[in-house]
Amino acid sequence: MLEKKIATDRPLKIAVAGGVTGGHFYPNLAVLEEFQKRREIEVLYFCVEGKIEERVLPKFHPEFKRFSVRVKGLRRPIFHPENVLRFSKLVLNSIIIRRELERFSPDFVYVSGGYVSYPVALAGKKLGVPVYVQEQNTIPGKANVTISKFAKKVFVSFEECVEKFPQEVREKIMVTGNPIWAREGKVELVYPTVIVIGGSGGSEFLNKITLDIAKLLPGVHFILSTGGKKVEGDVPGNVQVVDYIENMYAYWRSVDLAITRAGATTISELIYFNVPAVVVPWEGATESHQVVNAKIIERKGLGVMIKESEYEPDKLAETIKQLLAKGRNFQERENPAKRIVDEIERDILAI
Ligand SMILES: CC(=O)N[C@H]1[C@@H](OP(=O)(O)OP(=O)(O)OC[C@H]2O[C@@H](n3ccc(=O)[nH]c3=O)[C@H](O)[C@@H]2O)O[C@H](CO)[C@@H](O)[C@@H]1O
């Protein structure tokens, strides 16, 4: 089928969904900013009420239109009684989303998972515009697998993700890497500084081990992002506690080491900015995907994975000393956002 191509001299209209957690949201921001470097764009971002995208977007991109949906994801296991109400709300929201999308009339839809991605992608399909879906993890989320069946292209971050999609969609998959939100900038820090990031929502476990380790390593400065989670216990003088860091790209470039959970986007950022790391996967994540993610850091020789059950303060302090002694080989790679934007432009623009 010969598709109508879009003229390059008018703004591109992009409908976007993906958020709730930073792991889904920041890769979208990276792609939108890459488009913005190249041409004028108009964006309608479908946010989930009260979540990260609703908070961060207006600060960095007040020019983007936003539409907030009040929704909660379905509970696992799927036959949970509360899901009856949640499912009805999803249906109602789907109708509202479709109406908003028609009104905006996008050139294409771009989604990255999380619970509004599916209704937005489906509405895009019904409207007859191309739908693109991006997966951050090694194991794809259920919504993304469903969307992949009618998507024009599927962008994945890791090679091992391809075989997790049904056979019939594999030819639409491109292994691009996970787009990185990498604006310009660095921060001035004392040497050595270790940053602790428990994903976008923080981690009580990482909060706890930071306090232990900081006592054992008084000469090391720690920055602990709690994601708003409580820090229990006395905070030593060498630990700086913050609720959330809005300019992570500047910190990734400037720290000497990171201690993190193994969310896919965090892992991709560690690799992109080449940050030595101790990675402690959250083992409750769906299908233990964080353990799979964490192993990538080991394979790349960038750091070590420690499981919660294997944690011993003295051993971890020793590992940190060794990684710090090795130093940092700062190096930025090509941003996967470029490959994704190149591909979409080739598809839809009359160039
Ligand atoms: C609990 C949960 O559902 N976790 C999932 C979620 O996690 P989560 O949102 O925690 O995902 P990631 O760890 O992958 O990404 C966190 C993002 O937030 C940013 N950040 C974090 C702290 C901070 O202070 N400032 C800041 O900007 C990081 O730089 C990164 O861009 O999405 C990931 C990607 O789909 C999944 O792999 C995770 O398993």
Side-chain angles (χ1 to χ4, degrees), residues 17-31 33 48 51-53 55-57 59-60 72-73 76 111-115 117 133-145 155-158 161 164 177-183 185 187 195-207 210 222-229 240-255 258-273 275 277 279-297 335-337:
V20 178
T21 61
H24 291 297
F25 170 67
Y26 288 108
N28 280 359
L29 208 48
V31 166
E33 291 191 0
V48 175
K51 299 297 178 185
I52 189 166
E53 59 275 25
R55 201 175 70 227
V56 175
L57 262 183
K59 290 194 186 149
F60 289 91
K72 282 189 181 146
R76 307 281 164 89
V111 300
S112 65
Y115 25 86
S117 284
V133 57
Q134 191 263 332
E135 174 58 58
Q136 308 86 53
N137 292 283
T138 39
I139 302 175
K142 289 203 170 53
N144 281 0
V145 171
F155 302 115
V156 303
S157 307
F158 303 102
C161 186
K164 310 274 169 28
N178 197 12
I180 305 292
W181 192 48
R183 290 185 160 202
V187 279
I195 197 159
V196 186
I197 301 285
S200 53
S203 150
E204 273 155 17
F205 187 74
L206 293 195
N207 289 356
T210 307
F222 287 84
I223 300 173
L224 167 63
S225 165
T226 63
K229 289 215 163 71
Q240 182 190 347
V241 178
V242 292
D243 265 355
Y244 193 76
I245 296 170
E246 292 204 332
N247 53 341
M248 268 311 298
Y249 47 85
Y251 281 83
W252 288 139
R253 287 197 188 94
S254 313
V255 296
I259 301 176
T260 68
R261 280 300 197 194
T265 298
T266 296
I267 294 292
S268 305
E269 289 168 349
L270 293 173
I271 296 168
Y272 178 83
F273 292 105
V275 189
V279 179
V280 190
W282 174 55
E283 289 171 54
T286 322
E287 298 178 61
S288 298
H289 72 239
Q290 289 214 355
V291 178
V292 182
N293 292 345
K295 286 186 181 149
I296 298 172
I297 293 297
N335 196 328

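One-based numbering, in listed order, for ligands and for the atoms of each. Residue indices begin at 1 and follow the sequence shown. Not measured: the values here are computed from a predicted model. Heavy atoms only: backbone and side chains are in, while hydrogens, waters and symmetry mates are out.
Rounded to the nearest 0.5 Å, atoms CD1 (Ile180) and CG (Asn335) are 6.0 Å apart.
Near His24, meaning under 4.0 Å from any of its heavy atoms, are these atoms of ligand 1: 35 (O). In summary, the atoms of ligand 1 found under 4.0 Å from a heavy atom of Met248, numbered by their order in the structure, are 20 (N), 25 (N), 26 (C), 27 (O), 29 (O). Atoms of ligand 1 lying under 4.0 Å from any heavy atom of Glu269, numbered from 1 in the order shown and given with element: 28 (C), 29 (O), 30 (C), 31 (O). Residue Ile197 approaches ligand 1 through these ligand atoms, each under 4.0 Å from one of its heavy atoms: 21 (C), 22 (C). For ligand 1, the atoms sitting less than 4.0 Å from at least one non-hydrogen atom of Ser225 are 22 (C), 23 (C), 24 (O), numbered in the order shown with element in parentheses. In the vicinity of Ile245, heavy-atom distances shorter than 4.0 Å reach the ligand 1 atoms 23 (C), 24 (O), 25 (N), 26 (C), 27 (O). Less than 4.0 angstrom separates some heavy atom of Thr266 from each of these atoms of ligand 1: 12 (P), 13 (O), 14 (O), 15 (O), 16 (C).
Using a 4.5 Å cut-off on side-chain heavy atoms (C-beta onward), Thr265 and Pro27 make contact. Taking 4.5 Å as the limit, every side-chain heavy atom of Ser112 sits out of range of all side-chain heavy atoms of Phe155. Here the side chains of Asn207 and Lys229 are in contact, with some heavy-atom distance below 4.5 Å.
Glu269 and Asn178 are not linked by any side-chain donor-acceptor pair at a separation below 3.5 angstrom, with hydrogens and angles left out of the test.
Scanning all protein heavy atoms for the shortest distance to atom 19 (C) of ligand 1 gives Tyr26 CE1, 3.6 Å. Atom 6 (C) of ligand 1 has Thr21 OG1, 3.5 Å as its closest protein atom, hydrogens excluded (heavy atom only). Of the protein's heavy atoms, Gln136 OE1, 2.9 Å lies nearest to atom 35 (O) of ligand 1. Shortest contact from atom 37 (O) of ligand 1 to any protein heavy atom: Asn137 OD1, 2.5 Å. Among protein heavy atoms, atom 5 (C) of ligand 1 sits closest to Gln290 NE2, 4.5 Å. The protein heavy-atom contact nearest to atom 14 (O) of ligand 1 is Thr265 N, 2.7 Å. Regarding atom 8 (P) of ligand 1, its nearest protein heavy-atom neighbour is Ser200 OG, 3.6 Å.
By the criterion of a heavy-atom distance under 4.0 Å, neither the backbone nor the side chain of Glu246 is placed next to ligand 1. Residue-level proximity to ligand 1 for His289 is carried by the side chain, the only part with a heavy atom below 4.0 angstrom.
Of the listed options Gly22, Gly199, Gly198, Gly199 places a heavy atom closest to atom 22 (C) of ligand 1. Counting only non-hydrogen atoms, the option in Tyr244, Trp181, Trp282 that gets closest to atom 23 (C) of ligand 1 is Tyr244.
A donor-acceptor pair under 3.5 Å links the side-chain atoms of Arg261 to the main chain of Val280, judged by distance alone. Proximity of a side-chain donor or acceptor of Ser157 to a complementary backbone N or O of Glu135 within less than 3.5 Å is detected. Within the 3.5 Å criterion, the main-chain N or O of Val48 finds a donor-acceptor partner in the side chain of Glu53.
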>> Working note: Asp243 + Thr226, criterion side chain to side chain contact (heavy atoms under 4.5 Å, CB included); need CA distance, chi angles, decisive distance, verdict.
In response: CA-CA 5 Å; Asp243 265 355; Thr226 63; 3.6 Å; yes
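Legend: residues meeting side-chain hydrogen bond (donor to acceptor under 3.5 Å, both in side chains) with Gln240, ordered by chain and number and at least two apart, are His221.
Using a cutoff of 4.0 Å between basic side-chain nitrogens and carboxylate oxygens, Glu33 and Arg183 are scored as salt-bridged.
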